[in-house]
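Single-structure report; data block below.
Protein chains get the first letters and strands the later ones, always in sequence-line order, with residue 1 at the start of each.
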Amino acid sequence: AQSVAQPEDQVNVAEGNPLTVKCTYSVSGNPYLFWYVQYPNRGLQFLLKYITGDNLVKGSYGFEAEFNKSQTSFHLKKPSALVSDSALYFCAVRDIAGNFNKFYFGSGTKLNVKP
Amino acid sequence: DAGVIQSPRHEVTEMGQEVTLRCKPISGHNSLFWYRQTMMRGLELLIYFNNNVPIDDSGMPEDRFSAKMPNASFSTLKIQPSEPRDSAVYFCASIPSWGRNTIYFGEGSWLTVV
C-alpha cells in the first residue's frame, strides 16, 4: 500500500535559520512525491514535486526538497526561514502503481518560525 | 484560471439539518476529489470521481454522506442528517487524469454543526 509519514507534528525554527520538514514514503514502484502548504483558513497550495530526474527539486517561496531513494525520504528544506513560512505542511504521494489518481497525504507538520 | 470553487465557505447548521456543499472543478480537469480535514483525523479522502463517475467512495463515513457529480463542472457533497461530529473543513480538489500533474484544492467549506 502507498503511504507517507511525517514524523514530526511540529517544527520550531528561528527566523533566518535553515529548516527541514521530514517525510518518508512507502510505494510500489517509482514514487510521484509532492509537498503542499496550508496557511490558516486556506486550502492546500502546491509547493513542489518530484517525478523523475534531479534528486533536488526546487519549488515556490524558496523551498526545495531532496529525494533520497535509499532512505525513502523526501524532506522539505529552506536555507533561511521566514516568519511568513509559518504554516501547516503536507507531504503526499501519488499512486501510480495502482489507482493512478489517488493521492496519499501525510498527517501534516506545523512549522513555527519565531522572529 | 479561477481555480477550484467551493460554496459555501462557511456554514453553521443545527443537528439534524441537511447540508449541501458545492464544488466547481477547474475547467478541463476530469477527476474530482472530496476531502475532510479535522484536528483529530487530519486530511481524509471521502470520495473521488473520474469523468463524473464515482470511482472510490470507501472513505465516505456513513450512509448519511452522499456525493454526486451530474456534469463535468459541478459536484455536491450532502450530509443528511448532520451531526456535531461532522463539523470539519471539507475540501474539493481536481486534477486532469492524464500526465504527472498535481492536485489543486479549493479554499474549503467550513462546517459547524451545533
Side-chain angles (χ1 to χ4, degrees), chain A residues 1-10 23 27 29-53 57-60 63 65 67 74 76 87-110, chain B residues 1-7 9-10 21 23-26 29-59 88-112:
Chain A
Q2 327 296 340
S3 66
V4 291
Q6 294 180 243
E8 303 154 317
D9 290 336
Q10 187 167 299
C23 172
V27 298
N30 294 322
Y32 284 14
L33 295 160
F34 303 81
W35 275 102
Y36 289 81
V37 60
Q38 185 181 27
Y39 298 103
N41 303 319
R42 302 295 302 277
L44 279 70
Q45 298 176 31
F46 169 71
L47 271 181
L48 51 79
K49 66 181 177 183
Y50 172 83
I51 304 297
T52 186
V57 293
K58 296 186 183 298
S60 306
F63 283 92
F67 171 64
F74 189 56
L76 181 70
L88 189 58
Y89 290 81
F90 289 93
C91 182
V93 63
R94 185 172 182 179
D95 184 351
I96 61 170
N99 191 328
F100 188 68
N101 276 335
K102 214 164 178 179
F103 282 71
Y104 296 85
F105 285 86
S107 55
T109 299
K110 186 177 181 183
Chain B
D1 196 330
V4 178
I5 300 173
Q6 292 187 244
S7 65
R9 287 297 316 278
H10 299 272
L21 308 178
C23 175
K24 176 179 168 56
I26 293 173
H29 286 192
N30 56 353
S31 292
L32 181 142
F33 304 76
W34 283 100
Y35 286 88
R36 178 172 68 176
Q37 186 179 32
T38 61
M39 290 289 292
M40 292 295 295
R41 301 172 70 92
L43 197 63
E44 304 173 274
L45 175 63
L46 300 178
I47 185 171
Y48 91 89
F49 296 83
N50 193 43
N51 293 324
N52 313 337
V53 176
I55 302 299
D56 184 349
D57 65 355
S58 58
V89 186
Y90 291 83
F91 288 105
C92 179
S94 71
I95 187 170
S97 61
W98 58 89
R100 301 168 172 177
N101 291 288
T102 187
I103 188 170
Y104 294 88
F105 283 80
E107 291 294 288
S109 291
W110 302 72
L111 174 66
T112 302

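Proximity to chain A among residues 105-112 of chain B is limited to Phe105(B), Gly106(B), Glu107(B), Trp110(B), judged by heavy-atom separations below 4.5 angstrom.
Residue Gln6(B) does not touch chain A at all, counting heavy-atom pairs closer than 4.5 Å. When heavy atoms are compared at a cutoff of 4.5 Å, Gln45(A) does not approach chain B at all. Of the atoms belonging to Ile103(B), heavy atoms from both backbone and side chain fall under 4.5 Å from chain A. Tyr104(B) does not touch chain A: none of its heavy atoms, backbone or side chain, sits under 4.5 Å away.
The shortest heavy-atom contact between Cys23(B) and Trp34(B) is CB-CZ2, 3.5 Å. Closest of all the heavy-atom pairs between Phe49(B) and Pro54(B) is CD2-N, 3.4 Å.
Atom CZ of Arg41(B) is surrounded by 12 or fewer heavy atoms from other residues, nucleotides or ligands within 6.0 Å.
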Step-by-step side chain to side chain contact (heavy atoms under 4.5 Å, CB included) determination, Val57(A) to Phe67(A): CA-CA 8 Å; Val57(A) 293; Phe67(A) 171 64; over 6 Å; no
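A side-chain donor-acceptor contact under 3.5 Å links Gln6(A) to the backbone of Cys91(A). Formation of a donor-acceptor pair under 3.5 Å by the Asp56(B) side chain with backbone atoms of Ser58(B) is found in this model.
Phe91(B) and Tyr35(B) have their aromatic ring centers separated by at least 6.0 angstrom.
A parallel orientation is assigned to the rings of Trp35(A) and Phe74(A), their planes being inclined by less than 30° (bins at 30° and 60°).
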